[in-house]
**Student:** 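Before we start, here is the structure in question, set down as structure tokens.
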Amino acid sequence: MNGRPIPVIIDCDTGVDDALALLFAVRHPAIDLRAVTCVAGNTDVDGVVRNTLTVLEQAGAGDVPVARGAARPLIEAPRSARHVHGHDGMGDLGLPAPARSPADVDAVTLLRREILAAPRPVTLVPTAPLTNIALLLRTHPEVTARIERIVFMGGAVAVGNATPVAEFNVWHDPEAAAILLTAGVPITMYGLDVFTRVVVPASDVRRLRASSEPGARLGGELLAHRGPGTGEDPAGGLGDAGAVCAVADPAGLTTRALPVEVSLAPGPARGQTVVDLRPRPGESEIHGEAREQPLVDVALDVDEERYVKLWLTTVEG
């Protein structure tokens, strides 16, 4: 890093764990959060904007520009995850309405503006369906020269969650994910294989919930909502926040450059990220059926304790 913070833009569907990612990003000294763009996913896009503005205010980062983006996927109808994130997308915690409004430009315009204005190439961190990013890449392909890397939370090597094989963000807009994978810039896939493993212990959640500092206390309440049960003292998964931890501390993640494509055909595999782990070509390639696939740095392992400690020390500051 050479002592310079990494310019970062987060594209999110805030969302309990997106909020945990925002809390970390605004407080880590190695990250220069340039903007946040919003897209429909966990809840409707207007709810995402409201939640994002509220989290940034609670974290003391009310000056970070926020823009409203796509209200639906490129082709599919919108399908929320309110059953996971609550009716308001933020665990129904009764958080105050934000004091400010979003930027007077749309998400794609803000993305282009901030990417081109940044002092050095930007790292994009989408923690949501990839609709905004696909629209950016198709509308303004010149921005790729100013993108250092895209670290996206999405996909799975093994088991899905929206379907047996598809992860929610990719399943929600498979065509957008396919466009992202062909962006021609370095890409890291922070998928379910590592996403589910980074869990903050119950004792730490309890301490955060008792904090007098608004951002830390919000982090504790959000983690408690992400706990596996209904007990009074749950542990909580960092979820999307792990992808931002991987930007600040990539050594905590084990990746491998692998061919990845998104299954777009109708049927039970739609939205699957097909990751080719084979050590050598198979019969399909031998018989001339090979097709060009982008290489993606796929996260296969994570140092859970390292990222939990990193998130806690950053957010509690």
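Bear in mind the structure is a predicted one, so any value in this text is a computation, not a measurement.
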**Student:** Can you tell whether the side chains of E316 and R217 come within less than 4.0 Å, N to carboxylate O?
**Tutor:**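 Looking at R217 together with E316, the answer is no, because their closest N to O distance does not fall below 4.0 Å.
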**Student:** Does the pair R50/E57 count as a salt bridge with the N-to-O cut at 4.0 Å?
**Tutor:**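 Here R50 does not pair with E57 in a salt bridge, since their nearest N and O are not under 4.0 Å apart.
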**Student:** Group every Ile, Leu, Val, Met, Phe, Trp and Tyr by side-chain heavy-atom contacts under 4.5 Å, then state whether V16 and L53 land in the same group.
**Tutor:**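 Yes, because V16 and L53 connect within a single hydrophobic cluster, where side-chain heavy atoms sit under 4.5 Å apart.
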**Student:** Without swapping roles, check the side chain of S263 against the backbone of A269 for a donor-acceptor pair under 3.5 Å.
**Tutor:**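 Yes, because the side chain of S263 sits within donor-acceptor range (under 3.5 Å) of the backbone of A269.
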**Student:** State yes or no: do W171 and V298 share one hydrophobic cluster built from I, L, V, M, F, W and Y residues joined by side-chain heavy-atom distances below 4.5 Å, directly or via other members?
**Tutor:**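 No, it is not one cluster - the side chains of W171 and V298 are not joined through contacts under 4.5 Å.
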**Student:** Give the table of side-chain donor-acceptor pairs shorter than 3.5 Å for residues 184-197, with sequence neighbours excluded, one pair per line with atom names and distance.
**Tutor:**
from	atom 1	to	atom 2	distance (Å)
T188	OG1	R149	NH1	2.8
D193	OD1	V157	N	3.4
D193	OD1	A158	N	3.1
D193	OD2	V157	N	2.7
T196	OG1	L192	O	3.3
R197	NE	E304	OE2	3.0
R197	NH1	D301	OD1	2.9
R197	NH2	D301	OD1	2.8
R197	NH2	V302	O	3.3
R197	NH2	E304	OE2	3.0

**Student:** For I133 and L111, what are the C-alpha separation, side-chain angles and deciding distance, and is it a side-chain contact (heavy atoms from CB on, under 4.5 Å)?
**Tutor:** CA-CA 9 Å; I133 306 303; L111 282 162; 4.3 Å; yes
**Student:** Which heavy atom of P29 sits nearest to which heavy atom of P5, and what is that distance?
**Tutor:**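 Reported closest heavy-atom pair: O-CB, 3.8 Å.
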**Student:** Provide the closest heavy-atom pair for R72 versus I75 in the form atom of the first, atom of the second, distance.
**Tutor:**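 Reported closest heavy-atom pair: NH2-O, 2.8 Å.
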**Student:** Hey, mind stepping through D173 and L130 against side-chain contact (heavy atoms from CB on, under 4.5 Å) and telling me if it holds?
**Tutor:** CA-CA 7 Å; D173 197 341; L130 295 151; 5.9 Å; no
**Student:** Please determine whether residues L136 and I150 belong to a single hydrophobic cluster, defined as Ile, Leu, Val, Met, Phe, Trp and Tyr linked transitively by side-chain heavy-atom distances below 4.5 Å.
**Tutor:**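 Yes, L136 connects to I150 through the hydrophobic network.
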**Student:** Taking V260 as the fixed residue, which of T273, D297, V274, D276 is the one that meets the side chain to side chain contact (heavy atoms under 4.5 Å, CB included) rule?
**Tutor:**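 Answer to the side chain to side chain contact (heavy atoms under 4.5 Å, CB included) test with V260 among T273, D297, V274, D276: T273.
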**Student:** Do V200 and L253 belong together in a cluster built from hydrophobic side chains that touch within less than 4.5 Å?
**Tutor:**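 Yes, it is one cluster - the side chains of V200 and L253 are joined through contacts under 4.5 Å.
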**Student:** Looking at every non-hydrogen atom in both residues, tell me the closest pair between L23 and G215 and how far apart they are.
**Tutor:**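 Reported closest heavy-atom pair: CD1-O, 3.8 Å.
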**Student:** Taking side chain to side chain contact (heavy atoms under 4.5 Å, CB included) as the test, write out the residues that go with A25, two or more places apart.
**Tutor:**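 Listed in chain order: I10, I31, L33, V244.
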**Student:** Do the charged groups of R34 and D32 touch, with an N to O distance under 4.0 Å?
**Tutor:**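 Salt bridge between R34 and D32, a charged N being under 4.0 Å from a carboxylate O: yes.
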**Student:** Treating H140 as the side-chain partner and E142 as the backbone partner, does any N or O pair qualify as donor plus acceptor under 3.5 Å?
**Tutor:**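 No, because the side chain of H140 does not come within donor-acceptor range (under 3.5 Å) of the backbone of E142.
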**Student:** Considering only heavy atoms from C-beta outward, does the side chain of L74 approach that of E175 to under 4.5 Å?
**Tutor:**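 In contact.
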**Student:** Run the numbers on L264 and R270 for side-chain contact (heavy atoms from CB on, under 4.5 Å), then give the verdict.
**Tutor:** CA-CA 5 Å; L264 300 178; R270 180 165 166 79; 4.2 Å; yes
**Student:** Between N169 and F152, is a side-chain contact (heavy atoms from CB on, under 4.5 Å) present by the stated rule, with each step listed?
**Tutor:** CA-CA 10 Å; N169 286 342; F152 80 100; over 6 Å; no
**Student:** Out of D46, D104, D106, which one pairs with R68 under the salt bridge (charged side-chain N to carboxylate O under 4.0 Å, His left out) rule?
**Tutor:**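 Single salt bridge (charged side-chain N to carboxylate O under 4.0 Å, His left out) partner of R68 among D46, D104, D106: D46.
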**Student:** Please check if L20 and V199 belong to a single hydrophobic cluster, counting links between Ile, Leu, Val, Met, Phe, Trp and Tyr side chain heavy atoms closer than 4.5 Å.
**Tutor:**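 In one cluster: no.
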**Student:** For E148, is there an ion pair with R120 - N to carboxylate O distance below 4.0 angstrom?
**Tutor:**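 No, no charged N to carboxylate O under 4.0 Å.
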